[in-house]
2 protein chains.
Amino acid sequence: MAGQRRSPTQVDVARRAGVSQATVSLVISGGTLGNQVAESTRQAVLEAAAELGYTVNAAARSLKGGRNRMLGLYTFEPVFPVNQRDFYFPFLLGVEEATAAYEYDLLLFSSAGSGGDRRIYAGGVNRLKVADGCVLLGRHLHREDLAELVKEDFPFVFVGRREVPGVELSYVAADYVGATSDMVTTLARLGHRRLAYLKVTDDTEWTRDREAGFRQGLATAGIPDDQVRVFALAEKAALTATQLRDWLASGITAVLVEPTDDDGAIVALERAAAEAGVRIPQDVSVAVLGDPPLQDATRRDWTRFTLPREQMGREAVRILLELLDDNANARQLYLDCTQVLGDSVAEVPEQS
Amino acid sequence: MAGQRRSPTQVDVARRAGVSQATVSLVISGGTLGNQVAESTRQAVLEAAAELGYTVNAAARSLKGGRNRMLGLYTFEPVFPVNQRDFYFPFLLGVEEATAAYEYDLLLFSSAGSGGDRRIYAGGVNRLKVADGCVLLGRHLHREDLAELVKEDFPFVFVGRREVPGVELSYVAADYVGATSDMVTTLARLGHRRLAYLKVTDDTEWTRDREAGFRQGLATAGIPDDQVRVFALAEKAALTATQLRDWLASGITAVLVEPTDDDGAIVALERAAAEAGVRIPQDVSVAVLGDPPLQDATRRDWTRFTLPREQMGREAVRILLELLDDNANARQLYLDCTQVLGDSVAEVPEQS
DNA sequence: ACCTCCCATCGTTACGTATTAAGGACGGCA
DNA sequence: TGCCGTCCTTAATACGTAACGATGGGAGGT
């Protein structure tokens, strides 16, 4: 081993090929003027480069302002932990696939900051900037980091709808509004007229969208507001068997429930049903408004809708590249979800 | 949107704070001389930086310094295709985890070359070099690319044992020899004395290692060579029911089989068994020498050994970082496999 | 033969940062 | 007051690349 040999530069190649550094640059990076170089010279340069084992220095290139052909993928939570991987994996798959298809490489910003905290700005440094642009992923984001990113004009696309007051950002989102509305329609078609909606408390975009979809679905189905019950599930206050019985007693026949990181709402509902001796779907229909992240937590084949996760990943990359080329305004894209009819919803029994 | 606003530099900060660019650099990056800056100046600089939304330009920094804090992961096959993902995923997991733990970022070289062919040297240029070092993964490598990498002194670690004549390279490998040997021992302990060994034909390191382990296990168990039958499974020539019957007729009670990309050998064996009316494990015991990549192709819980894939990924990163720091010689690491007792192996029936 | 034009190549500069050696202010001590 | 030493700050430079304008020479036209 020759030890830490400095890797050859364009100057070295130029010297060997008997041309100038500028010519080497023209040959290597092609550019618009790439065809202005004589074929013989081009060959000589390429040969010299191969012999020396020359490789382009990405740092220098991107310092100069050019592209790296690298896209970043930053996740606010670790993507890989086992319990969540089945949820995040399809996004990753789509992003990877599209990135490769466009002949870019993918930079995974996986390193947690020193504090164990995942932040974009570690020590005041925006690490993302080594990439040409970045796809962001994850539920628990730091808004201030996002705002900072926008302020810097760094091109990025979020997977999932994200709003930051005062700025317009790009994202690829699932159409939660439409999907939830459709779910209400489906339930109404099966005869359900009195619904309960079980939402998580924190006020996020996706929770708001689902609730909006819920209201919209009610309107479409012609169900007045007083026929429904909205219950916000605080983290600690689980749904009790008593509450569930109350609902059923008041004529409610179906429950819509939001999935969460830990499937807390679903698990709580199932436990309450078990305690109350209520059978799903015979006694109450349950529809899940999304993909339950943990497939293991519950064995049931829920009636639900699934996000086109892989496609979302792919589209995010496509939009990011559009952003890079046009450097136009932010753009948003909504993709349809697919309703999956499982065995947790049944027709409402004829009232005798 | 202000459009492509150039992001502020140290010069801008310096101008605003009324100091020189060098002072800004001292304040920002601290360094060894960081404490030589007067507290008042430091505050002024930090304030100016905050007001302007200054962030360090990573490209410029690494151009100057050398290290990128980026590790590469290059795979000779796409890691993500669905049919293989369960096999490769744990490696990826381990690599990602270790990379993050050491506060590096992970660069996924996913872009296929223009020809659809995955090569390290695209257009005579080594793309890997943007990273400080690289973990390599995959079965179907291009030896010439590897040799070139070594020649360039680029630090890399292979996951899986790889040999290139004349050069010594670093890898983290599963101890196929020991695991296969142990498997033979296990079979011998269950009374199996006549074995068949079904290998794939191409002459790879892992095939050789398994065969060596097979021989070693035979020696340990005191089984003479004429009690065994080694069958090389060509790609197209599947194992026939007739052959399988012949083996059993000759007293063979157990088959060791190598897993392949597509589980070809296992599937062939199972089909032959079905055709011949041979039951597994009642009539013949089957041990798989590794992890069957496709869990779906067969529902059986094979007796096998599994590679510590996640750990292999982690160790690969650790060794790579050692290589970076010491820039010493290549190093190799072997990790033990875990035997898994499934239901495809039974005690040999007492011969009446 | 001379002028023109174009093509291939070259010299130069800027990108933003970290570092080194050098400069300047200030106070203390003789 | 003069000298020196200690801090603090600065000017200059290098890193490797891409882009621009400039230059030289050869070919073609008049």
Side-chain angles (χ1 to χ4, degrees), chain A residues 4-46 48-49 52-70 123-127 129-130 132 152, chain B residues 4-45 48-49 52-69 125-127 129-130:
Chain A
Q4 289 295 59
R5 190 181 63 230
R6 194 181 55 81
S7 79
T9 72
Q10 289 188 350
V11 174
D12 301 322
V13 175
R15 193 150 36 214
R16 183 175 187 102
V19 298
S20 76
Q21 175 269 327
T23 305
V24 174
S25 175
L26 278 181
V27 171
I28 296 294
S29 41
T32 50
L33 309 173
N35 40 11
Q36 291 206 350
V37 72
E39 189 54 31
S40 59
T41 313
R42 149 177 256 97
Q43 287 305 328
V45 167
L46 285 180
L52 266 59
Y54 166 81
T55 60
V56 37
N57 180 326
R61 172 174 284 181
S62 75
L63 169 61
K64 194 56 188 138
R67 297 287 178 79
N68 261 345
R69 293 203 82 78
M70 283 176 18
V125 177
N126 175 357
R127 305 153 45 219
K129 276 199 180 165
V130 290
D132 296 339
E152 281 186 40
Chain B
Q4 288 294 59
R5 191 185 60 235
R6 197 179 50 83
S7 75
T9 72
Q10 289 188 348
V11 175
D12 300 322
V13 175
R15 193 151 34 216
R16 185 178 186 100
V19 297
S20 77
Q21 173 268 327
T23 304
V24 175
S25 174
L26 281 181
V27 171
I28 297 295
S29 44
T32 50
L33 309 173
N35 40 10
Q36 293 205 350
V37 173
E39 190 53 32
S40 60
T41 313
R42 146 177 259 99
Q43 287 305 329
V45 168
L52 267 60
Y54 166 81
T55 60
V56 176
N57 181 326
R61 171 175 282 180
S62 75
L63 169 60
K64 190 71 179 97
R67 292 291 177 82
N68 266 342
R69 290 204 82 77
V125 171
N126 174 0
R127 306 151 45 217
K129 277 212 178 155
V130 292

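In what follows, chains carry the letters A, B, and so on, assigned in the order in which the sequence lines appear, proteins first and then strands, with residues in each chain numbered from 1.
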[X] [atom1] - [N] [atom2] separation (whole Å):
X     : N      : atom1 : atom2 : value
A/I28 : D/dA18 : CD1   : P     : 9 Å
B/E39 : D/dT9  : CD    : P     : 11 Å
B/Q43 : D/dC8  : CD    : P     : 14 Å

Give the nucleotide from the list [options] with an atom nearest to the side chain of [X].
X     : options               : answer
A/L26 : C/dT19, D/dT9, C/dT9  : C/dT9
A/A22 : C/dT12, C/dA8, D/dA12 : C/dT12
B/T41 : C/dT9, D/dT9, C/dT12  : D/dT9

Q. Does OP1 or OP2 of C/dC10 have a side-chain N or O of A/T23 closer than 4.0 Å?
A. yes

Q. If every non-hydrogen atom of B/Q21 is compared with every non-hydrogen atom of B/A14, which pair is closest and at what distance?
A.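 Answer, listing the atom of B/Q21 first, then B/A14: N-CB, 3.6 Å.
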
Q: Identify the heavy atoms of A/L52 and A/R16 that sit nearest to each other, and give their distance.
A: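 So the minimum-distance heavy-atom pair works out to CD1-CD, 2.9 Å.
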
Q) Is the closest side-chain heavy-atom distance between B/T41 and B/V27 below 4.5 Å? A)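 Result no, sub-4.5 Å side-chain heavy-atom pair not found.
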
Find every protein N or O atom lying less than 3.5 Å from an N or O atom of nucleotides 13-17 of chain D, and list the pairs.
from: D/dT17; atom 1: OP1; to: A/Y54; atom 2: OH; distance (Å): 2.5
from: D/dT17; atom 1: OP1; to: A/N57; atom 2: N; distance (Å): 3.4
from: D/dT17; atom 1: OP2; to: A/Q10; atom 2: N; distance (Å): 2.7

Q. Applying the side-chain contact (heavy atoms from CB on, under 4.5 Å) test to B/R15, which of B/V13, B/D12, B/V19 qualifies?
A.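 Of B/V13, B/D12, B/V19, side-chain contact (heavy atoms from CB on, under 4.5 Å) with B/R15 is met by B/D12 alone.
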
Q: For B/V24, report the nucleic acid contact type (base, sugar-phosphate, nothing); a contact means any heavy atom under 4.0 Å.
A: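 Result for B/V24 = nothing.
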
